[in-house]
Amino acid sequence: MARLRARSRPAATGPGGAPLTAVVIGIDSLPGIQTARILARRGLTVIGVTEDPDQAFTRTRSCQRMVQAAKATPALVDTLLALAETLDDKAVLVPCEDSSVLVVSRHRARLAPAFHIALPPPEVVELLIDKVAFTEHALATGLPIPPTAILRSEADAVRAAATLPYPAVLKPPHRTDAWVAHTPAKAIQVDDAAALVAHARAALAHVPVLIAQKWVAGTDTDLYSCNSCYSATGELLVQFTAKKIRQWPPRTGISSLGEAAHVPEVARLSAQLFASLPYRGLAYLEAKRDVNDGQFYIIEPNIGRPTGRSAIAEAGGVELVCTMVCEAAGRPLPPARAQGDQPVKWIYLRHDLQSALYYWTQGELGLRQWARSLRGPKAFAIFDWRDPAPFVLDCLQPLRRALTREGRQSRNYGAPELGPDGGDGP
C-alpha cells in the first residue's frame with residue numbers, strides 16, 4: 001500500500017459523537033470527490049483511494065490520507081486490508097464506481113471483518129450491474145423498460161433490426177476499456193435498420209454483447225433520477241428525485257445541470273425495482289418520460305455507490321450518503337432524510353458550458369434561455385472556494401488532452417459523434 005499524502009487534521013467524529021472513518025474508493029471520480037467532501041464536512045475522517053495520484057480530484061483537501069490502488073482488480077482488497085491494520089476502528093467502505101463495487105462485493109468475505117459494507121447480496125449486485133442481466137430481470141418481472149433486444153452476433157442484430165422501432169440506441173453491458181477507447185459516448189444512436197446492423201457488427205468486434213433499445217422520445221429535460229438508501233432489512237430510508245436540465249455529452253451523457261423535483265412516478269418506479277430484490281445500501285434509478293405517450297421508462301439503475309447526481313440530494317437538505325454510512329456502521333441515522341420543496345440546482349460547470357455551447361451551435365439554446373436555466377440556489381459539482389485545486393486542474397484537463405493528443409485517438413465505429421464522462425451515473 002502506497003501512502004501518497006497525509007495531512008494534519010483534528011480527530012474527526014461521525015454522527016453520534018464517536019469517531020468514524022470512511023474509505024472512499026475512487027476519489028478520482030466525480031462521485032468520489034463529492035462524497036469525500038460531503039463526509040468530511042459532517043466531521044468524518046475520510047481516506048481516499050485512487051488509481052491515479054496525478055488526477056485532478058486527488059488534490060482535494062477533504063481527505064486526511066490518500067492511498068493508491070488499482071480499483072478494478074483484486075489487488076484493491078490487499079490494499080484495503082493493509083489500510084485497515086493502520087486504523088483504530090472499523091471504517092465504512094464507500095465504493096464510487098461499478099468496478100470497485102464489484103471487487104468489494106466479490107471479496108466481501110475477506111473485507112467484512114475489517115470494514116462496514118452496505119451492499120445487497122452478491123447475486124443482486126451482479127444482476128443489477130450487468131445491463132444484460134438487468135434487462136432480462138426487467139422483462140421477466142414486468143418492469144417498464146423500452147423495447148429491447150440482446151445482441152451477441154450479427155444474426156441477432158439482423159433480427160432485432162427488423163422489429164425494433166427507430167431511432168434506437170446501442171450500448172454495452174459495461175463501459176469497458178475497449179468501448180471507451182472507441183467512443184466517448186455511453187451509447188450510439190442509430191436511425192434505421194441498416195445503421196443498427198452496421199454499428200452492431202463493428203461494436204461486436206470489440207465487446208461480446210450489446211443491448212439494442214428503442215430511443216425514448218424526449219429531450220434532456222425528460223430525464224429523471226431517484227436516489228435512495230435502504231437498510232439491511234430492506235427498509236427505505238431515503239428517497240430523493242430530480243430532473244436533468246442539460247447533460248454532457250448531449251443526448252446520451254451524464255447530468256451537467258439538474259434540479260430537485262418531486263416526481264412521484266419516478267419514486268414509485270424506483271421502489272418497484274428495488275423491492276423486487278433483496279436490497280441494501282445506496283440505489284439510483286434513471287428514468288425517461290416518453291413525450292409521445294407520457295409513460296416513464298427505466299433507463300438504468302446504479303447500485304451500491306454514490307452517483308454523480310447523489311450530491312443534489314445533499315444540496316437539497318437530504319443526507320443521503322451520511323444515511324448510508326451511519327446505517328452501515330450501526331450509528332443513529334441523520335434526521336434530514338425527507339425531501340422538501342427547496343428548488344436547488346446542481347451544476348458541473350465545465351461540462352455544462354460544453355453542453356450549452358453544443359446546444360447553442362445547434363440553434364437549440366439562446367443566451368437568455370441559458371441564463372434563466374442557471375437562476376436559483378445552486379450546488380457545484382467540483383467548484384469549491386474551500387477546496388479550489390480540483391476545479392482548477394479539472395478545467396485544465398481539456399488543454400492537457402489536446403496537447404498530448406489523447407482526445408484525437410478515439411474512434412466511434414463510424415457513428416455520428418454524440419459528444420465527447422460516464423455514472424452517472426456517474
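None of these values were measured; they are calculated from a predicted model.
- Side chains of Q213 and T148: a donor-acceptor N/O pair is present below 3.5 angstrom, by distance only.
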_C96 vs T35, side-chain contact (heavy atoms from CB on, under 4.5 Å): CA-CA, chis, key distance, verdict_ = CA-CA 8 Å; C96 292; T35 298; 4.3 Å; yes

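- Listed here is the closest heavy atom pair of L236 and S228: CD1-CB, 4.0 Å.
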*What's the verdict on salt bridge (charged side-chain N to carboxylate O under 4.0 Å, His left out) for K171 and E300, showing C-alpha distance, side-chain angles and the deciding distance?*
CA-CA 11 Å; K171 57 187 178 182; E300 65 176 355; 5.5 Å; no

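- Side-chain contact between P301 and Y284 is absent, with no heavy-atom pair separated by less than 4.5 Å.
- Within the 4.5 Å cutoff, the side chain of I245 has heavy atoms near those of the K345 side chain.
- A donor-acceptor distance shorter than 3.5 angstrom exists from the side chain of T163 to the backbone of A160, with no hydrogens or angles considered.
- Contact check on R110 versus D78 returns a salt bridge, with a Lys/Arg side-chain nitrogen under 4.0 Å from an Asp/Glu carboxylate oxygen.
- A distance of 11.0 Å separates OG1 in T221 from CG in L257, rounded to the nearest 0.5 Å.
- Looking at Q362, its side chain never comes within 3.5 Å of a backbone N or O of E364 through a donor-acceptor pair.
- L365 is not listed as a side-chain neighbour of Y358, based on a closest heavy-atom distance of 4.5 Å or more.
- Between the side chain of R108 and the main chain of I117, no donor-acceptor pair closer than 3.5 Å is present.
- With hydrogens and angles ignored, the 3.5 Å screen pairs no side-chain donor or acceptor of R61 with any backbone N or O of R37.
- To the nearest 0.5 angstrom, I312 atom CD1 is 9.5 Å from T241 atom OG1.
- Listed here is the closest heavy atom pair of P167 and Q189: CB-NE2, 3.8 Å.
- The shortest side-chain heavy-atom distance between D394 and Y348 falls under the 4.5 Å cut-off.
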_Stepwise side-chain hydrogen bond (donor to acceptor under 3.5 Å, both in side chains) test for S373 and R246_ = CA-CA 9 Å; S373 73; R246 280 186 295 276; 3.1 Å; yes

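- Side-chain contact annotation: W346 with Q34, donor-acceptor N/O pair under 3.5 Å present.
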When the side chains of residues 259-273 are checked against the rest of the protein, which donor-acceptor pairs come out under 3.5 Å, sequence neighbours left out?
{"unit_1": "H262", "atom_1": "NE2", "unit_2": "G340", "atom_2": "O", "d": "2.8"}
{"unit_1": "H262", "atom_1": "NE2", "unit_2": "D341", "atom_2": "OD1", "d": "3.4"}

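- Distance check, rounded to the nearest 0.5 Å: SG of C322 to CZ of R331 gives 12.0 Å.
- Here the options are L80, V94, T21, V104, the test is side chain to side chain contact (heavy atoms under 4.5 Å, CB included), and the partner is F115; only L80 passes.
- In this structure, a donor-acceptor pair under 3.5 Å is present between the side chains of R65 and T86.
- Y279 OH to C229 SG: the interatomic distance, rounded to the nearest 0.5 Å, is 8.5 Å.
- Pairs of residues two or more places apart, or lying in two chains, never qualify as ring pair (Phe, Tyr, Trp, His ring centres under 6.0 Å) while including a residue from residues 132-164.
- Contact detail for L333 and T323: the closest heavy-atom pair is CD2-O, 3.8 Å.
- Formation of a donor-acceptor pair under 3.5 Å by the T58 side chain with backbone atoms of P53 is found in this model.
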*Going through the distances and angles, do R305 and S100 end up as a side-chain hydrogen bond (donor to acceptor under 3.5 Å, both in side chains)?*
CA-CA 9 Å; R305 63 176 180 89; S100 51; over 6 Å; no

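- Note on residues 293-325: pairs passing ring pair (Phe, Tyr, Trp, His ring centres under 6.0 Å), not counting sequence neighbours, are Y224-F296.
- Using a 4.5 Å cut-off on side-chain heavy atoms (C-beta onward), E123 and E126 make no contact.
- Under the 3.5 Å distance criterion, the side-chain polar atoms of D156 are matched with a main-chain donor or acceptor of R152.
- Between the S355 side chain and the H351 main chain, no donor and acceptor come within less than 3.5 Å of each other.
- Nearest heavy atoms, H116 versus A328: ND1-O, 3.4 Å.
- For the pair L151 and L170, the minimum side-chain heavy-atom distance is below 4.5 Å.
- At a threshold of 4.0 Å, the pair K214-D290 counts as salt-bridged, since one of the basic side-chain nitrogens sits closer than that to a carboxylate oxygen.
- Nearest heavy-atom pair across L237 and R337 is O-NH1, 3.3 Å.
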*For the pair V209 and I150, evaluate side-chain contact (heavy atoms from CB on, under 4.5 Å) and give the outcome as yes or no after the intermediate values.*
CA-CA 7 Å; V209 60; I150 307 300; 3.6 Å; yes

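- Note that the CZ atom of F380 and the CZ atom of F391 stand 8.0 Å from one another [nearest 0.5 Å].
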_Audit row: I47, L87, side-chain contact (heavy atoms from CB on, under 4.5 Å) steps and yes/no_ = CA-CA 11 Å; I47 299 173; L87 303 177; 3.6 Å; yes

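- Side chains of L282 and P306 form a contact here, defined as non-hydrogen atoms less than 4.5 Å apart.
- At a threshold of 4.5 Å between non-hydrogen side-chain atoms, the residues L393 and P390 do not count as touching.
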_Residues T307, N302; criterion side-chain hydrogen bond (donor to acceptor under 3.5 Å, both in side chains); working and verdict_ = CA-CA 8 Å; T307 67; N302 288 119; 5.9 Å; no

_Verdict with reasoning, R201 to L204, per side-chain contact (heavy atoms from CB on, under 4.5 Å)_ = CA-CA 5 Å; R201 183 190 304 120; L204 287 169; over 6 Å; no

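- The closest donor-acceptor contact from the side chain of K90 to the backbone of A112 lies under 3.5 Å.
- Put simply, the side chain of D222 gets close to the backbone of T219: a donor and an acceptor are under 3.5 Å apart.
- When every heavy atom of S62 is checked against every heavy atom of T60, the shortest pair comes out as OG-OG1, 2.8 Å.
- At distances below 3.5 Å, at least one donor-acceptor pair connects side-chain atoms of T135 with backbone N or O atoms of K131.
- Electrostatic pairing of D28 and K71 counts as a salt bridge here, judged by a charged N lying under 4.0 Å from a carboxylate O.
- Using a 4.0 Å cut-off between charged nitrogen and carboxylate oxygen, E327 and R280 count as a salt-bridge pair.
- Separating the CG atom in L143 from the CG atom in L285 is a distance of 9.5 Å, to the nearest 0.5 Å.
- Ring planes of Y230 and F274: tilted class, angle from 30 to 60°.
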